[in-house]
Amino acid sequence: MENDVCNLCPRRCGAVRGFHSSGPTGFCSVGTVPKVARAAPHFGEEPCISGKNGSGAVFFSGCNLGCIYCQNHEISSGKIGAEVTAAELRDIYFSLIAQKVHNINLVTPMHFCAEVSKSLDGGLPVPVICNTGGYDSIEAVDMLRGKIDVYLPDYKYSESSVAAKYSSAPDYPKVALEAIRAMCDAAGPLTFDDDGMITGGVIVRHMLIPGELDNTLGCIDAVASLPRDRVMLSLMCQYTPVRGGDRYENLSRRVTEEEYKKACDYALLCGMRRGYFQAPDAADESYIPPFDLTGVKKHN
């Protein structure tokens, strides 16, 4: 893909992304070679993902959303990380598998689809999870079809005005829902192993934004419209005010108990009884891992 025009994500910015991130980049701020900021067992995911041994999380740098409140802004900006080849990525996976992780969890990998797809050639002995912000093209989903067992997308916005305000992506509600429908088709029904660990299907995450309850209720409506045998909802209250509060006052506080209770009650009213609600103490910076090239350094 070196020096090719990139229209892989819904922004279709037409950037000529350089092979390396030191060259030209698009909205995602990275080149076409995968850039990884951390690869380690992660225990902050849903119980059916983290389990006892952790999820083998591989955190990719760069992002096509640029949310002004991003809690992983150190890596979403593309500034932190080491470039790895598809073969080196595969070595990272097997290094994590040797640590007895339950799965390989690819965190925001879609802007590196081509190389990530190569890294998964031949399959892995554990389930592969694709963990995304939801703002994905159907083409990107199709590039990984047959290589991803579980999709873990966000559905951040149901209102175009809110998506524009915080992520400069007014088309997010429609585009993300279409991508998630494609993920449902690609992943198939929800399945679990004998230990209750997920092996197939889709978990849609929605993190409440303080002061944007109507947006959340719309997101719950959207998830409730998806096939119940293929989708679970994970409703999250872990928003931590690390940035963005200088522009919008609501971003300088956490989600209130009342806001979260209303969201949970509405999810139950919509029949979303299979999934996860989050404990209030999840709103803490300790849930944000250090992006210090753990698990990546030795492969470079």
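Scanning for salt bridge (charged side-chain N to carboxylate O under 4.0 Å, His left out) contacts around Asp154 gives Lys156, with sequence neighbours left out. Scored by the ring-ring contact (aromatic ring centres under 6.0 Å, His included) test, Tyr260 finds no partners at all (sequence neighbours excluded). The side chain to side chain contact (heavy atoms under 4.5 Å, CB included) check on Ala39 picks up Val58, Ile92, Leu96, Val296, with sequence neighbours excluded. Taking the side chain to side chain contact (heavy atoms under 4.5 Å, CB included) definition, one finds that Cys63 meets it with Leu65, Ser76, sequence neighbours left out. Listed by chain and number, the residues in a side-chain hydrogen bond (donor to acceptor under 3.5 Å, both in side chains) with Ser160 amount to none (sequence neighbours excluded). The side chain to side chain contact (heavy atoms under 4.5 Å, CB included) test applied to Leu268 returns Arg273, Phe277, not counting sequence neighbours. Val175 meets the side chain to side chain contact (heavy atoms under 4.5 Å, CB included) test with Pro10, Tyr135, Asp171; sequence neighbours excluded. Looking at residues two or more places apart in sequence or on another chain, you find a salt bridge (charged side-chain N to carboxylate O under 4.0 Å, His left out) between Lys262 and Glu258. Under the side-chain hydrogen bond (donor to acceptor under 3.5 Å, both in side chains) criterion, Ser252 pairs with no residue, sequence neighbours left out.
Within the structure, the side chain to side chain donor-acceptor pair (under 3.5 Å) test picks out the following pairs touching residues 189-198 (sequence neighbours left out): Thr191-Thr199. For residues 57-69, the pairs satisfying side chain to side chain donor-acceptor pair (under 3.5 Å) are Tyr69-Tyr157, with sequence neighbours left out.
Members clustered with Ile49: Ile129, Val150, Leu152, Leu190, Phe192, Ile198, Ile203, Met232, Tyr276, by chain and number, using a 4.5 Å side-chain heavy-atom cutoff among hydrophobic residues.
Side-chain atoms of Asn7 come within 3.5 Å of backbone atoms of Gly14 as a donor-acceptor pair (strictly under, hydrogens ignored). Looking at Arg181, its side chain never comes within 3.5 Å of a backbone N or O of Leu226 through a donor-acceptor pair. Under a 3.5 Å cut-off, the side chain of Ser77 and the backbone N or O of His73 do form a donor-acceptor pair. With hydrogens and angles ignored, the 3.5 Å screen pairs a side-chain donor or acceptor of Asn250 with a backbone N or O of Pro210. Remark: the backbone N or O of Cys184 is paired with a side-chain donor or acceptor of Arg230 at under 3.5 angstrom. With hydrogens and angles ignored, the 3.5 Å screen pairs a side-chain donor or acceptor of His206 with a backbone N or O of Tyr155. Panel note: side chain Arg17, backbone His111; a donor-acceptor pair is recorded below 3.5 Å. Glu212 contributes no side-chain N or O that, together with a main-chain N or O of Val162, makes up a donor-acceptor pair within less than 3.5 Å. Under a 3.5 Å cut-off, the side chain of Glu259 and the backbone N or O of Gly211 do form a donor-acceptor pair. With hydrogens and angles disregarded, no donor-acceptor distance shorter than 3.5 Å links the side chain of Asn103 to the backbone of Val126.
A donor and an acceptor atom, one from each side chain of Glu45 and Ser55, are nowhere located under 3.5 Å apart.
Hydrophobic clustering, with ILVMFWY side chains joined whenever heavy atoms are under 4.5 angstrom apart, groups Ile148 together with Val204.
Taking a cutoff of 4.0 Å between a charged side-chain nitrogen and a carboxylate oxygen, Asp121 and Arg90 do not qualify as a salt bridge.
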